[in-house]
Amino acid sequence: MTSAERPSVSPRTERTLRDAMERLFAGRPARTDGKLTKNNLWREAGVSRATMNRATNVLADWDNRIGHSPARAQDRKQAETITALRQHLRKARTDRDRLQDQVDAAATVIAALYAENAALREQISNQSAIVVPLTPRR
């Protein structure tokens, strides 16, 4: 289907979509939460999603403005921050697991030393306390 054959929208519908787009970009939504999404665009305009999808000129303008809007820059910055935080969290979890392995190994060694120490104390306490004098050799 060529662009001439593509269904389009009436000038009134295009104006409605453009007015809705301006309200969203201005931060003054009338029907939505104000997020800059295409779902909000068709809801804000009070048209169906299919109608919005036929308004290719409006959608091209939307995509162009979204790509250069301060909100999009903020979204990108937030996404970069989230990515960095996820990497930091992944590293922290790896470090935590490594340290937990070291603590577990130390606890095992301590338990073994404790058992050995207890056995040596038991061995000492079981020895007789009798002192046998040695006779001097003549």
So CD of Glu14 and OG1 of Thr56: to nearest 0.5 Å the spacing works out to 8.5 Å
Closest non-hydrogen atoms of Arg43 and Arg31, given as atom of the first, atom of the second and distance, are O-CD, 3.4 Å
Notebook entry, point to check: Has Arg93 got more than 12 heavy atoms of other residues, nucleotides or ligands less than 6.0 Å from its CZ?
Noted result: no
Heavy-atom closest pair (Pro29 atom, Gly34 atom, distance to 0.1 Å) is CG-CA, 3.6 Å
Looking at Thr94 and Arg90, would you say the former's side chain and the latter's main chain have a donor-acceptor pair under 3.5 Å? yes
Q. Quick check: are there more than 12 heavy atoms from other residues, nucleotides or ligands sitting under 6.0 Å from CD of Glu116?
A. no
Between the CG atom in Leu59 and the CZ atom in Arg54, the distance rounded to the nearest 0.5 Å is 11.5 Å
Can any side-chain N or O of Glu44 pair as donor or acceptor with the backbone N or O of Ala20 at less than 3.5 Å? no
Within the 4.5 Å heavy-atom criterion, are Thr37 and Trp62 side-chain neighbours or not?
no
Enumerate donor-acceptor pairs with a distance under 3.5 Å from any side-chain N or O in residues 79-87 to protein atoms, sequence neighbours excluded.
residue: Thr81; atom: OG1; partner: Lys77; partner atom: O; Å: 3.0
residue: Thr83; atom: OG1; partner: Ala79; partner atom: O; Å: 2.9

Residues Asp95 and Lys91 bridged, charged N to O under 4.0 Å
yes
| Considering only heavy atoms from C-beta outward, does the side chain of Leu113 approach that of Asn117 to under 4.5 Å? | no
Between Ile66 and Phe25 the two heavy atoms that sit nearest each other are CD1-CZ, 3.7 Å
Using a 4.5 Å side-chain heavy-atom cut-off and chaining through intermediate ILVMFWY residues, the residues clustered with Leu134 come out as none
Of all heavy-atom pairs linking Ala55 and Leu17, the shortest is CB-CD1, 3.5 Å
Please determine whether salt bridge (Lys or Arg N to Asp or Glu O under 4.0 Å) holds for the pair Asp63 and Lys38, giving the CA-CA distance in whole Å, both sets of side-chain angles, and the decisive distance to 0.1 Å. CA-CA 9 Å; Asp63 291 339; Lys38 287 182 181 175; 3.2 Å; yes
| message | Can you see whether Thr51 engages Ser48 through a side-chain donor-acceptor pair at a distance of less than 3.5 angstrom? | response | yes
* Just by modelled atom types, is the Thr32 backbone N or O under 3.5 Å from a matching donor or acceptor in the Asn40 side chain? -> no
Under 4.0 Å between a side-chain nitrogen and a carboxylate oxygen: does that hold for Arg15 and Asp19? yes
Side chains of Arg18 and Val58, heavy atoms from C-beta outward: is any pair under 4.5 Å?
yes
One pair to check against side chain to side chain donor-acceptor pair (under 3.5 Å): Arg49 and Asn39. What are the steps and the verdict?
CA-CA 8 Å; Arg49 183 175 188 89; Asn39 279 337; 2.4 Å; yes
